Enquirer: 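Take a look at the following structure, please.
Values below: all heavy atoms of this structure, side chains included; hydrogens, waters and symmetry mates excluded. Here the structure is a predicted model, which means the values were calculated and not measured.
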Amino acid sequence: MNPNKIFDALLVLQYQSGNKRALGLLVKRHHSKLCRHSYWYTHDLDASKDIVQDSWSIIITKLTSIRDPNAFGSWAMRIVTRKSLDFLSRNKNDREKLMGYRDTQYNLDVEEDRESDLIQLEKAIKLLPNGQQVVLRLFYTEDYSLKEISTILEISTGTVKSRLFHAREKLKTILKK
């Protein structure tokens, strides 16, 4: 098992036993990761910070009743995912306007710079369906296991494997062009 997950589980158990400092350590260890995750959905820094703050209040409230302390990271990530998706559905029209502006700005910046392999890969990933993008990011960037991703996204492990496979195959095809 991953040493980080073991440490998180220990902190959860300590918090459940009354050690309030353990919560501070959990927040320190996960806050920026949760903010990045929310930002990936919202593309709005302030909104992602607010979403994570709201998520922490839920996490703190329910932390004493978590069934599997080893799953703290994926459990917290799932809460942030749900909150982010709720935000997106509430603010759909505003988001479309912001995305149009952001894409225009991004394209101007890319034209000024030489296209590197990383930029090409980012562009290729953006061409993938959203479900495949999320699975790729959670698997490669956040280092979650297939089972943890299935828990976070509330889909079967087989679906996670399928999305990961198809995402890789599409990326190969896109990058060969």
Enquirer: Could you give me the CA-CA distance, side-chain angles and deciding distance for D86 and R90, then say whether side chain to side chain contact (heavy atoms under 4.5 Å, CB included) is met?
Expert: CA-CA 6 Å; D86 288 347; R90 280 193 315 268; 3.7 Å; yes
Enquirer: I'd like to know whether K33 forms a side chain to side chain contact (heavy atoms under 4.5 Å, CB included) with M77, so could you lay out the CA-CA distance, the side-chain angles of the two residues, the decisive distance to 0.1 Å, and finally the verdict.
Expert: CA-CA 9 Å; K33 183 191 297 187; M77 190 73 74; 3.7 Å; yes
Enquirer: Give a yes or no on whether Q53 atom CD has more than 12 heavy-atom contacts from other residues, nucleotides or ligands under 6.0 Å away.
Expert: no
Enquirer: Which atom pair, heavy atoms only, marks the closest approach of H30 to G73?
Expert: CE1-CA, 4.1 Å
Enquirer: For the hydrophobic clusters of this structure (ILVMFWY residues joined by side-chain heavy atoms under 4.5 Å, transitively), does one cluster hold both I60 and I51?
Expert: yes
Enquirer: Could you go step by step and tell me if F139 and V160 meet the side chain to side chain contact (heavy atoms under 4.5 Å, CB included) rule?
Expert: CA-CA 10 Å; F139 188 76; V160 173; over 6 Å; no
Enquirer: Roughly how far, to the nearest 0.5 Å, is CG of L136 from CD1 of I125?
Expert: 6.0 Å
Enquirer: What residues, two or more places apart in sequence or in another chain, satisfy salt bridge (Lys or Arg N to Asp or Glu O under 4.0 Å) together with R29?
Expert: D8
Enquirer: Run the side-chain donor-acceptor check on residues 15-27: report pairs under 3.5 Å with partners two or more places apart or on a different chain.
Expert:
unit_1	atom_1	unit_2	atom_2	d
Q16	NE2	L63	O	2.9
Q16	NE2	T64	O	3.4
S17	OG	L13	O	2.9
N19	OD1	R21	N	3.0

Enquirer: Under 3.5 Å, side-chain donor or acceptor atoms of residues 161-168 against the rest of the protein: list the pairs with distances, not counting sequence neighbours.
Expert:
unit_1	atom_1	unit_2	atom_2	d
R168	NE	Y140	OH	2.8
R168	NH2	Y140	OH	3.0

Enquirer: Under the rule for side chain to side chain contact (heavy atoms under 4.5 Å, CB included), what residues qualify as partners of D68, not counting sequence neighbours?
Expert: N70, A71
Enquirer: Who pairs with T159 by side-chain hydrogen bond (donor to acceptor under 3.5 Å, both in side chains), at least two apart in sequence or on another chain?
Expert: S156
Enquirer: Excluding sequence neighbours, so at least two apart, what forms side-chain hydrogen bond (donor to acceptor under 3.5 Å, both in side chains) with T81?
Expert: H37
Enquirer: Can you label the angle between the W75 ring and the F72 ring as parallel, tilted or perpendicular, going by 30° and 60°?
Expert: tilted
Enquirer: Could you give the distance from CG (D143) to CD1 (I149), rounded to the nearest 0.5 Å?
Expert: 9.5 Å
Enquirer: The criterion is side chain to side chain contact (heavy atoms under 4.5 Å, CB included); which residues satisfy it with N130, sequence neighbours excluded?
Expert: W40, Q133, V134
Enquirer: Are I58 and F87 connected in the hydrophobic side-chain network, where two residues link if heavy atoms are under 4.5 Å apart?
Expert: yes
Enquirer: Got a second to check how far R78's CZ is from S74's OG, nearest 0.5 Å?
Expert: 6.0 Å
Enquirer: Going by the rule side-chain hydrogen bond (donor to acceptor under 3.5 Å, both in side chains), which residues pair with W56 if we only count those two or more places apart in sequence or in a different chain?
Expert: H31
Enquirer: side-chain hydrogen bond (donor to acceptor under 3.5 Å, both in side chains) with S84: which residues, sequence neighbours excluded?
Expert: S38
Enquirer: Looking at CD1 of I174 and CD of Q120, how far apart are the two atoms once the value is rounded to the nearest 0.5 Å?
Expert: 12.0 Å
Enquirer: With sequence neighbours left out, what residues match R137 under salt bridge (Lys or Arg N to Asp or Glu O under 4.0 Å)?
Expert: E142
Enquirer: Using 0.5 Å steps for rounding, measure from the CG atom of L45 to the SG atom of C35.
Expert: 8.0 Å
Enquirer: Roughly how far, to the nearest 0.5 Å, is CG of L146 from CG of L138?
Expert: 11.0 Å
